[in-house]
**Student:** 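Next up is a structure, given as structure tokens.
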Amino acid sequence: QVQLVESGGGLGQAGGSLRLSCAASGTRLSINLMGWYRQAPGKQRELVASFTSDGSANLADSVKGRFTIARDYEKKTVYLQMNNLKPEDTAVYYCNRPGFPFVWGQGTQVTVSS
């Protein structure tokens, strides 16, 4: 069974940086099309970063120029580098595969203070 374990969240300051990690385990799992979602209190979960089939990255307008997504096939880990944090980035962050999601992990809380 596929397991997704997110880590790296915490308390950050506006203008600061955090790097999130998502370790994936399970047989025959490919991290090719993994992405990062976030869910803020009272809001729906939204996709903020993902990989397309040609390997390029898609980023939500709200994070373009600030967040980058990366992956390590050997470690089966997907990363989200978050720079120039804003209070509105406060949310629980999850990784998963857009369109064909696995069982959701616990997520990692990111809280950004102004």
**Student:** Determine, step by step, whether Leu80 and Phe67 satisfy the side chain to side chain contact (heavy atoms under 4.5 Å, CB included) criterion, reporting the C-alpha distance in whole Å, the side-chain angles of both residues, the deciding distance to 0.1 Å, and the verdict.
**Tutor:** CA-CA 7 Å; Leu80 185 68; Phe67 291 11; 4.2 Å; yes
**Student:** Can you check side chain to side chain contact (heavy atoms under 4.5 Å, CB included) on Glu46 and Arg38, steps first, answer last?
**Tutor:** CA-CA 5 Å; Glu46 62 171 340; Arg38 69 184 180 188; 2.8 Å; yes
**Student:** Apply side chain to side chain contact (heavy atoms under 4.5 Å, CB included) to residues Thr90 and Gln109 and explain how you reach the verdict.
**Tutor:** CA-CA 8 Å; Thr90 295; Gln109 174 72 48; 4.1 Å; yes
**Student:** I need the minimum non-hydrogen distance between Ser114 and Pro87, along with the two atoms involved.
**Tutor:** CB-CG, 3.9 Å
**Student:** Is the shortest side-chain N to carboxylate O distance from Lys64 to Asp61 below 4.0 Å?
**Tutor:** yes
**Student:** Which pair of non-hydrogen atoms, one from Lys76 and one from Gly26, has the smallest distance, and what is that distance?
**Tutor:** NZ-O, 3.5 Å
**Student:** For Tyr79 versus Lys75, what's the shortest heavy-atom pair and its separation?
**Tutor:** OH-CD, 4.0 Å
**Student:** Are the aromatic ring centres of Trp104 and Tyr37 under 6.0 angstrom apart?
**Tutor:** yes
**Student:** What are the two closest heavy atoms between Leu18 and Gly10, and how far apart are they?
**Tutor:** CD1-O, 4.1 Å
**Student:** I would like to know whether Val112 and Met82 meet side chain to side chain contact (heavy atoms under 4.5 Å, CB included); could you show each step before the answer?
**Tutor:** CA-CA 11 Å; Val112 182; Met82 309 165 62; 6.0 Å; no
**Student:** If you count heavy atoms of other groups shown closer than 6.0 angstrom to CD of Gln13, is the number above 12?
**Tutor:** no
**Student:** Write down the atom of Val78, the atom of Met34, and the distance for their closest heavy-atom approach.
**Tutor:** CG2-CB, 3.8 Å
**Student:** First locate atom CG of Leu20, then atom OH of Tyr94, and finally report the distance between them rounded to the nearest 0.5 Å.
**Tutor:** 12.5 Å
**Student:** Provide the closest heavy-atom pair for Ile31 versus Tyr73 in the form atom of the first, atom of the second, distance.
**Tutor:** CG1-CD2, 3.8 Å
